Amino acid sequence: MPPVRAALWRTLRAHQVYGANTDVGKTIVSTILCNAVQRRKAEKAAFLKPVSTGPLDEADDRHIQRHAAGTLTKCLYQFDEPVSPHIAAQQKNFVIPRDDDILGSVHRTLSDWARTGISFALVETAGGVHSPGPNGNSQADLYRPLRLPVVLVADSRLGGISSSISAYESLLLRGYDVNSVLLFRDDYYKNHEYLGDYFRNKSIPLVPLPQPPKRPQSQDAASQAQDEEAMTGYYQQVAQETDVQGLLDELAARNAERIDRLESMASRAHDTIWYPFTQHHGMTAKDITVIDSAHDDYFQTFGSSGNADQGSLQPTFDGSASWWTQGLGHGNPELALSAAYAAGRYGHVMFAGNVHEPALSLAELLKESLGNPRLQKVFYTDNGSTGMEVAVKMGLRAACHRYGWDASKEQISILGLKGSYHGDTIGVMDCSEPSTYNQKVEWYRGRGYWFDFPLVKLSQGTWKVEIPKVLKDYLGEDLEFSSLNSVFDLDARMESDVGERYRDFIRTTIEDLVHRQGMKFGSLIMEPIILGAGGMLFCDPLFQRCLADVVRSHPELFTANATNTNRPGPETSWSGLPIIFDEVFTGLYRLGRKTAASFLNVHPDIAVNAKLLTGGLLPLCTTLASEEIFQAFSSPEKSDALLHGHSYTAHAVGCTVAVDSLRAMMKLESSGSWNVYRDDWKAHPRSTAGTVDVSDSGEENFPEVWSVWSRDLLRDLSYADSVESVFAIGTVLSISLRDAQGGGYTSTAAKGLQERLCAGGPKFNVHSRVLGNVLYLMSSVTSKPETLRGLEGLLRSALL
C-alpha cells in the first residue's frame, strides 16, 4: 500500500468534520455548510462519509442529498448495524477494510473531486473524536495522516463544555488544525457563550446555530414527511439568521493563507536561517525542502509532487530517520501524550540537588535493562555531543587520578579509531583526528592516536573484511565470509590467527606510543560497530573486541610515566584505560539490539546514549559510568566535583518520553514484532570461505545479526556497476558508490543517487543524506515491511 498524502489543494477546500461527542449534530452542520456553498455562484460542494453505520435510509449522505440539493455525496463503507464501526464491521459478513485502505480511498475521492471542479468538501467522521474506526483505532489517529483542517461540532448539552474542550485538545495533541467550531444554542446551559470566549481567545471562530427541530417519535410516513418539512424550514432559517457565509469566507482565507505560507517558507528560510552542516555558497531557496508535517515514516513536503491533481503535498520517506533520532514514527500519539503529561505535571524543574520521578525512573530503567554491571551512575545532558563531552571528562579524570598525572601540566590523549567523530562541541572535537568537520575550527588541536582498522563490506555477493593497504604487512590479506553472522562469530574468530595478529598489532602500537614516544592516554573511545558521521564505516567487530581486550588485559602498557600503578580488585574496576562507548548513534535498537556493545561482548566503563532515547521526539542524552569512575570526583573540595550541567539537565518532559519510548521498543523486541525481518536474515549453512576456519561451530549458535532491509536487496546491489560495496544491520543501510578519486566526505559520487531518490516515483519520494560517496538510509523500528519494500523498489530502479 503506497503512503497516504496529506490532503491539501488550492482549488478544493477540504475539511474534516469531527464531533465533540456522539449525537451532537455533525450531519446537520455538514448540511448547513454544503447548503451555504451551493448558494454561491461557481461553487460546488461535496460530502464524504468514509464509514457509516445504521439503516441505509437514515444514512448521513442520504440526509445531505435530501436537504443540500446539488451536493455530490459518497459513502465508502456502509454497515447496517446502528453501533460503533468497530462492532458493526465484525458483525457483518464483510472483509474489514484496513486503515490504509480507508485513508487511500478518502484521498483518491478528494483528488477526483479536486480534478472535476469541486470547490468545497467535507469528510465527516462517525461518533466522537475518539470513537473507534472499523479496526478499533481512534478516529483521531486513523485520519491523522490526511491532516485535514477540522470543523469541530461542539456539544451544547449538559457537560458539553468539558467534552468540547477535551475533543479540541485531543485533536491539537495530534497536530490537527481546528479551523472553526459550530454548535447549537441552548439558552439554559449557554455553552455557546462560554465556548465562544474560549475559542475566540485561540483565534478560532465559533458560530452558534439555532436548535434543530426535534425528531418525531413515530416513524410512520406522515411523521417522516412532517420531519422533512420541518428540517427544510430549519435550514432556510439558518441561512437567514446566521453568518455561515462569513464562516465559509474565513475557511477559504485560512486555506489560502496556509498554502501562501508554504510557498514563501523556502525563500524566507533562505534569507533568515543558518543551516547546520551546510555550505551556503551557491545555495538557493529551491534547494530547501518545505515540510508541512510528518507522520509515521514520512514527511509531507510541499511543492515536490509535480502532479496538481494529487494535491500540493507529497509523502517523502524520512531516509535519514531525522538525523538518526526517529525510532517510533513521527507524530506518535503515545509519546505526544507522555510529553503533554510531563509538561503539565512539571514543566521544567532544576535538577541539581533535586530529583523527580521521570529522571529517577529513566536512570533505573537504563541500569536494569542495558545489562552492563559496570554502569551504576547516570549523568544527564541534552544531546550526544555534550554527553560525550561529559564522558571524556569522566575518563580523563579517572585515569589521571589513578596514575598520578597532572593534566594542567602535561598532555593527556585518547585512543580511538580513524574516521570516528564524537560531536561538535570544542572539547570533544579534539577526540577525533583532523577531518573536514574540525580541521578549520580555530581551537581544534586533535589530542590522541587513532587506529586504522579493517572494514566490513558486502561486495559482489560476498561479505568481506577489507584490510587497509597500510596494515596488510601486519594484519594479512582481506578475509571472506559466507554470511554476516560469520563476521560476528567472535568466539571462533578470537582464537584464529587473525585474532592473534590483531592483538599483536594493537599491543605493539600502544607500546611504541607510550614507551618510546612518551604519550599518555586517558581513555579508549569507540563507536561500537559503525562509525556514523565518519562515513558509515563498519568496523570489523573482531578488531574492536581485540582493542578493548588489549587495553584491559595489559595495564602495564599505560604506566610507563605513572606514579601510581595499583589496580583495584573488583571485576567491574577499569583496567588499563577507562573504555568509553559512544552509542549515541548505534545504541538502543538502531542496529537491532538494545546495545551495540553486546555485539562485542564488552562492557564499557562509560556509555553514552542519545538519538533514539526519546524515540525521536525530544533532545536528551545520558552518560552512564561505573562507581569507580564516579568516585574519582569525590573529595572534600567542591572544585573536584564534575562541574558540568545544563539549565535543562534531566528535563522532566524528555525523561518521561524516554521511559515510555524505551519500554515501547523493548516490547517490540519481546513480542516478536521484528521476526519477519529476522526470518529473512536466517543464516544459511556456512562454508570455510576465506582464511577463517569456522567449520566446527553451527550457524544456529551465532549471535543473531539481522536487518530490516532485505538480504536479497543487499546481494543485488552489491553487484551493481556503480556500487563499490553495501552493508545493512538493524535499521541502517549503507551504499558506497564508486569514486575514481577515492571517496571520502568531500566526494560527490553519491549525489546522483540522492537526486534520483529525491525525484522518487509517482507515489512518494525519499529524503536522504550523503556522507561523501556514501548514501545511507535508515528506518524507524516501527517501519512496515511493505513500506521498506516499496523504498527498495526505488533503489533497484536507481541502481540496477
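Quick caveat, the model's predicted, so the values are computed rather than measured.
Using a 3.5 Å distance cut-off with no hydrogens or angles, the side chains of S626 and Q376 do not pair a donor with an acceptor. A donor-acceptor pair shorter than 3.5 Å cannot be found between the side chains of S553 and D549. S486 and S483 are linked by a side-chain donor-acceptor pair at a separation below 3.5 angstrom, with hydrogens and angles left out of the test. Side-chain contact, E669 with Y589: a donor N or O sits under 3.5 Å from an acceptor N or O. Counting only N and O atoms by type, the side chains of H422 and D582 include a donor and acceptor under 3.5 Å apart. For the residue pair D504/Y474, the side-chain donor-acceptor check at 3.5 Å is not satisfied.
With sequence neighbours excluded, no residue forms a ring pair (Phe, Tyr, Trp, His ring centres under 6.0 Å) with W463. Remark: S707 engages W681, W709, A728 in a side chain to side chain contact (heavy atoms under 4.5 Å, CB included) (not counting sequence neighbours). Partners of R738 according to the salt bridge (Lys or Arg N to Asp or Glu O under 4.0 Å) rule, which considers only residues two or more places apart in sequence or in another chain, do not exist here. Partners of F521 according to the ring pair (Phe, Tyr, Trp, His ring centres under 6.0 Å) rule, which considers only residues two or more places apart in sequence or in another chain, do not exist here.
Aromatic pair F451/Y449: ring centres closer than 6.0 Å. In this structure, the ring of F764 has its center no less than 6.0 angstrom from the ring center of F317.
For E786 and R789, the salt-bridge test fails: no basic side-chain N is under 4.0 Å from an acidic carboxylate O. A salt bridge between K682 and D679 is present, with a side-chain N of the basic residue lying under 4.0 Å from a carboxylate O of the acidic one. Note on D296 versus K784: salt bridge recorded, some NZ/NE/NH1/NH2 to OD/OE distance being below 4.0 Å.
At least one donor-acceptor pair under 3.5 Å links the side chain of S747 to the backbone N or O of A749. Side chain of S496 to backbone of R493: a donor-acceptor contact under 3.5 angstrom is found. Side-chain atoms of T787 never come within 3.5 Å of backbone atoms of S783 as a donor-acceptor pair (strictly under, hydrogens ignored).
Side-chain atoms of L788 and S779, non-hydrogen and from C-beta on, do get closer than 4.5 Å to each other. In this structure, R590 and V732 have side chains that are in contact, with non-hydrogen atoms separated by less than 4.5 Å. With contacts defined as side-chain heavy-atom distances shorter than 4.5 Å, the pair D605/M394 does not qualify. The shortest side-chain heavy-atom distance between I729 and F488 falls under the 4.5 Å cut-off. A 4.5 Å side-chain heavy-atom check between M778 and L733 finds every atom pair outside the cut-off. Within the 4.5 Å cutoff, the side chain of L396 has heavy atoms near those of the I414 side chain.
With I529 as the partner, the side chain to side chain contact (heavy atoms under 4.5 Å, CB included) test is satisfied by one option alone out of L537, L600, V456, D540: L600. The one candidate from I530, L484, V487, L455 that meets the side chain to side chain contact (heavy atoms under 4.5 Å, CB included) condition with F727 is I530.
Residues Q754 and R769 share a closest heavy-atom pair of NE2-CA, 3.9 Å.
Stacking of R593 on the aromatic ring of F599 is recorded, both the 6.0 Å distance cut-off and the 45° axial limit being met.
Counting only residues at least two apart or on different chains, the salt bridge (Lys or Arg N to Asp or Glu O under 4.0 Å) pairs with a member in residues 415-433 are D430-R447. Listed by first and then second residue, the salt bridge (Lys or Arg N to Asp or Glu O under 4.0 Å) pairs that reach into residues 715-725 are K457-E724, D712-R715, D716-R796, sequence neighbours excluded.
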| request: Report the C-alpha distance between R501 and D497 in whole Å, list the side-chain angles of each, state the deciding distance to 0.1 Å, and finish with yes or no for salt bridge (Lys or Arg N to Asp or Glu O under 4.0 Å). | output: CA-CA 6 Å; R501 287 198 295 271; D497 291 341; 5.0 Å; no

